[in-house]
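Notes follow the structure.
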Amino acid sequence: TLKGFKINRLNLAIAQDVPANAAALMIANPQVDLLPGEVDKLIQYVNGGGNLFWLIDQEPLHGLQPLAQLLGLTLTPGVVVDPAAQRLNAPPTWALASSYGRHSVTRNFNMNTVFPFARQVSAGDDQGWRVANLVEVAQQGWVETGKLDRSMKFDKNRDTPGPVPIAIALTRPVNDREQRIVVVGNGYFLANTFVGNGGNMDLGVNIMNWLAGDDNLIAVQ
């Protein structure tokens, strides 16, 4: 449940399209490949100006590559390694965030958030989107493309050094309003196991409020 929102599941194999009155659509870690017809409905929704919250974990995109291309996303392979996590007795594959980008979602937001097994997410503006980084992690870390074990270390020939962007906001004008999309390279941060860590829930609520246009509700809950 989420304060002030009515939440419905959407079966794209049955539904004719995404409901026109949806404030936002969330895609959270699909477990099976989507059918081409289902992906077409998502593309139509975004092309029509729909707001989207997409959580992308390390698993394959399950047929959502056309959506990533539409948004101009670059999804770097590998898992974020954050040495700072070990100083807090957390696994180094838990990326910790304590500072955030300048954006309505994160204005005056100063809580720590946790992103287990995060992936790097970025986008260019060549698709007509205005892109803003919401969360960067691993200031002294990197994106590990090798085996995740105790012996892992940064390889300058293979790995990507930090800081690593893992959450971005995209906007563009559509008719007389602003279309809003948030992509986070991690679904675990809002899963039941981790949502109670630090400000994870607050950040998730802020994102949803921003996507729905309720900017006045963005605050520490």
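- Hydrophobic clustering, with ILVMFWY side chains joined whenever heavy atoms are under 4.5 angstrom apart, groups L61 together with I27.
- Rounded to the nearest 0.5 angstrom, Y188 OH and D57 CG are separated by 5.5 Å.
- Under 3.5 Å, the side chains of R158 and T145 contain a donor-acceptor pair of N or O atoms.
- Among all heavy-atom pairs drawn from S98 and N112, the shortest one is CB-OD1, 3.3 Å.
- Heavy atoms of other residues, nucleotides or ligands lying less than 6.0 angstrom from CG of D17 number more than 12.
- Contact check for Q120 versus P165: side-chain heavy atoms found under the 4.5 Å cut-off.
- With respect to E144 and K153, no salt bridge is recorded, no charged nitrogen being found less than 4.0 Å from a carboxylate O.
- The shortest distance between side-chain heavy atoms of T93 and P116 does not fall below 4.5 Å.
- The nearest pair of heavy atoms linking A23 to A212 is CB-CB, 4.0 Å.
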Let me see the working for V105 and L203 under side chain to side chain contact (heavy atoms under 4.5 Å, CB included), right down to the final yes or no.
-> CA-CA 8 Å; V105 168; L203 180 60; 4.0 Å; yes
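- The same ILVMFWY cluster, assembled from side-chain heavy atoms under 4.5 Å apart, contains both V135 and V182.
- Inter-residue side-chain proximity for P83 and W142 is flagged as met; some heavy-atom pair is nearer than 4.5 Å.
- With contacts defined as side-chain heavy-atom distances shorter than 4.5 Å, the pair M152/P92 qualifies.
- Atom CG of N11 is surrounded by more than 12 heavy atoms from other residues, nucleotides or ligands within 6.0 Å.
- Side-chain contact between L71 and W54: present, with at least one pair of heavy atoms (C-beta onward) separated by less than 4.5 Å.
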Would you please test D159 and V81 for side chain to side chain contact (heavy atoms under 4.5 Å, CB included) and show each step?
-> CA-CA 10 Å; D159 300 328; V81 171; over 6 Å; no
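- Heavy atoms of other residues, nucleotides or ligands lying less than 6.0 angstrom from CG of N175 number 12 at most.
- In this structure, NE2 in H103 is found 14.0 Å from CZ in F109, a value given to the nearest 0.5 Å.
- Side-chain contact between M26 and M208: present, with at least one pair of heavy atoms (C-beta onward) separated by less than 4.5 Å.
- L10 and P19 get closest at one heavy-atom pair: CD1-CD, 4.0 Å.
- Judged by distance alone, with hydrogens and angles left aside, the side-chain atoms of Q179 form no donor-acceptor pair with the main-chain N or O of R177 at under 3.5 Å.
- Here the CG-CD distance, from N89 to Q86, works out to 9.5 Å after rounding to the nearest 0.5 Å.
- For T106 (side chain) and G101 (main-chain N/O), a donor-acceptor pair under 3.5 Å exists by modelled atom type.
- A distance of 8.0 Å separates CD in E178 from CZ in R130, rounded to the nearest 0.5 Å.
- For Q140, the CD atom sits in a loose shell: 12 or fewer heavy atoms of surrounding residues, nucleotides or ligands are nearer than 6.0 Å.
- The two atoms that bring A24 and L211 nearest to each other are CB-CB, 4.1 Å, heavy atoms only.
- The side-chain heavy atoms of V184 and L190, taken from C-beta on, include no pair separated by under 4.5 Å.
- With hydrogens and angles disregarded, a donor-acceptor distance shorter than 3.5 Å links the side chain of K41 to the backbone of A15.
- The heavy-atom pair separating V137 from A97 by the smallest distance is CG1-CB, 3.9 Å.
- A side-chain N or O of E136 and one of N133 form a donor-acceptor pair less than 3.5 Å apart.
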Report the C-alpha distance between L64 and L34 in whole Å, list the side-chain angles of each, state the deciding distance to 0.1 Å, and finish with yes or no for side chain to side chain contact (heavy atoms under 4.5 Å, CB included).
-> CA-CA 7 Å; L64 290 171; L34 277 73; 4.0 Å; yes
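- Pairing each heavy atom of G185 with each of V121, the nearest pair is CA-CG2, 3.5 Å.
- In this structure a side-chain-to-backbone donor-acceptor pair under 3.5 Å is missing from N186 to L55.
- A donor-acceptor pair is defined here as one N or O able to donate and one able to accept, closer than 3.5 Å; such a pair exists between the side chain of Y45 and the backbone of N51.
- Linking ILVMFWY residues whenever their side-chain heavy atoms come closer than 4.5 Å, directly or via other members, places W210 and I207 in the same cluster.
- Interatomic distance, Q65 CD to L75 CG, rounded to the nearest 0.5 Å: 9.5 Å.
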CA sep, side-chain torsions, deciding dist, call: L25, L52, side chain to side chain contact (heavy atoms under 4.5 Å, CB included) = CA-CA 5 Å; L25 174 69; L52 175 68; 4.2 Å; yes
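- When hydrophobic clusters are built by joining Ile, Leu, Val, Met, Phe, Trp and Tyr residues whose side-chain heavy atoms come closer than 4.5 Å, directly or via intermediates, L134 is grouped together with V143.
- I43 and F53 fall into different hydrophobic clusters, where Ile, Leu, Val, Met, Phe, Trp and Tyr are joined by side-chain heavy atoms under 4.5 Å apart, directly or via other members.
- The aromatic rings of F189 and F115 sit tilted, their planes meeting at an angle between 30° and 60°.
- L12 is listed as a side-chain neighbour of V18, based on a closest heavy-atom distance under 4.5 Å.
- For F194 and W94, the distance between ring centers is under 6.0 angstrom.
- Note that CG of L73 and CG of L170 are 6.5 Å apart. Values are rounded to the nearest 0.5 Å.
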